[in-house]
Protein chains: 2
Amino acid sequence: MALQHAIMTALLEDDMSGFELARAFDASLGFFWRATHQQIYQELKKLSQKKLLDSKSVPQVGKPRKILYAITPAGRAAMDKWVYEESRVQEAKDDLFVKLYNLSSDNVPQLISELERRREQVMQRLYLYEKIRRGHYENPETLPIRRKGIYLALDWGTQHGEQFLQWCDGALEMLTSCKDMPT
Amino acid sequence: MALQHAIMTALLEDDMSGFELARAFDASLGFFWRATHQQIYQELKKLSQKKLLDSKSVPQVGKPRKILYAITPAGRAAMDKWVYEESRVQEAKDDLFVKLYNLSSDNVPQLISELERRREQVMQRLYLYEKIRRGHYENPETLPIRRKGIYLALDWGTQHGEQFLQWCDGALEMLTSCKDMPT
DNA sequence: CTTTACATGTAACTCGTTACATGATTAA
DNA sequence: TTAATCATGTAACGAGTTACATGTAAAG
């Protein structure tokens, strides 16, 4: 049920529409909890029904009307409570490693290209993190406390990405040597 | 649909019952794709229906009967095909970082203890990896190719865990200084 | 006689994905 | 008039979780 909490997290900063939330997820929170717009719209509806969010239709000039959501006092209380609760352990789910369990002389080239693809994706993500860091998190010690939390999350993302690249290089080396001298 | 593939991966090595599979997941494959016994039993049934697995009831002495599953030629073919397919990007889903986005002077102590809890869990996992490595993967270069893949997966797990510990220490330091001098 | 390990399941529910559907406004 | 951006949804399905249910056999 963390998507609901991720949505409310974003709404603590600013009132937003479903569409704006979807963009906000793409730009930041979604690094740690991905969501499609469909799911966001559904969860917004549920949160409204539970009175954790208020909604109002806002007409716009030159654009279709949007539905703005704002967190209610009950919503804030629910968030405070949630942060206090113990979260369950992160779930390990990644095809890539299951595929590695299936490594054979036949599929080495396939796994090499899969790793190269992942490597490229992770590098792109790292560029993005670097851009955000330079733009908003140059001096972490001087940030207000809320921003420090975000900084720490992004810092994890950065280190995690760098670690992946490092591992990936070693893995590619090993796989390449498998390909060259198959047994 | 990767749980089905993870199950077949395990069955490539050995015929197993649902119960044995659940244990195998706890001991190794589950590091990368967690599953409960309920889900495993359900997926085994589906895989049997699709003729990717054969099942037979095996009586045992001193224990209840078990249902042994074996991968069929069609199952092997499906696995080969799956490894060849492009896997979708890994899904980022972790409460912890969403909670960090909610950092405030009120919940700093809570997040500190959450991090300490995680740190402990990761250390335990690292001990386990280390034990496995010493037992079975001392000389990765000399392993048969399939085992090299598993080695690489475990190696990723190890590096990933170590990276987390490192990040965690930095994060705890920052959070502790927040607690000491609140603004 | 009680606990632990072995062994297999069902039902209800929530979460997440994919495909489909609609429509306004602006710029080329 | 066509494409791009903004904006909100529904329906069907598949994946995953939680709670519940049942029973055998060994060991203490």
* To do: Keeping to residues at least two apart or across chains, list the salt bridge (charged side-chain N to carboxylate O under 4.0 Å, His left out) pairs with something in residues 33-47 of chain A.
  => Glu43(A)-Lys46(A)
* Structure fact -> The complete set of side-chain hydrogen bond (donor to acceptor under 3.5 Å, both in side chains) pairs with one or both residues in residues 51-72 of chain B, sequence neighbours excluded, reads Glu20(B)-Lys66(B)
* Asked: Whole-Å distance between dC13(C) P and Lys46(A) NZ?
  -> 14 Å
* **Between dA15(D) (P) and Gln39(A) (CD): distance, integer Å** => 15 Å
For residues 131-138 of chain B, dump all side-chain donor-acceptor pairs below 3.5 Å to protein atoms at least two apart in sequence or in another chain.
{"from": "Arg133(B)", "atom 1": "NH2", "to": "Asp155(B)", "atom 2": "OD1", "distance (Å)": "3.3"}
{"from": "Arg133(B)", "atom 1": "NH2", "to": "Thr158(B)", "atom 2": "OG1", "distance (Å)": "3.4"}
{"from": "Tyr137(B)", "atom 1": "OH", "to": "Arg147(B)", "atom 2": "NE", "distance (Å)": "3.4"}

* Rounded interatomic separation in angstrom, taking CZ from Arg34(A) and C1' from dT17(C) -> 10 Å
* To do: Using the side-chain hydrogen bond (donor to acceptor under 3.5 Å, both in side chains) rule, collect all pairs that involve residues 110-120 of chain B, keeping only residues at least two apart or in two chains.
  => Ser87(A)-Glu114(B), Asp94(B)-Arg118(B), Lys99(B)-Glu114(B), Arg119(B)-Asp169(B), Glu120(B)-Gln124(B)
* Asked: Considering residues at least two apart in sequence or located in another chain, which fulfil the side-chain hydrogen bond (donor to acceptor under 3.5 Å, both in side chains) criterion with Asp95(A)?
  -> none
* Atom pair distance, as rounded to whole Å: CD in Glu43(A) and C1' in dC15(C) -> 8 Å
* Asked: Can you give one letter per nucleotide of nucleotides 1-11 of chain C, 5' to 3': B if a protein heavy atom sits under 4.0 Å from the base, S if only from the sugar-phosphate, - if neither?
  -> -----BBBBBB
* To do: Can you tell me the distance, in whole Å, between the CD1 atom of Ile7(B) and the P atom of dG16(D)?
  => 10 Å
* Please give, in whole Å, the distance from dA15(D) P to Lys93(B) NZ? -> 14 Å
* Indicate yes or no: at least one non-hydrogen side-chain atom of Ile71(A) is less than 4.5 angstrom from one of Asp15(A). => no
* Given atom CG of Leu44(A) and atom P of dT8(D), what is their separation to the nearest angstrom? -> 9 Å
* Structure fact -> To the nearest angstrom, the CD-P distance between Gln4(B) and dA15(D) comes to 7 Å
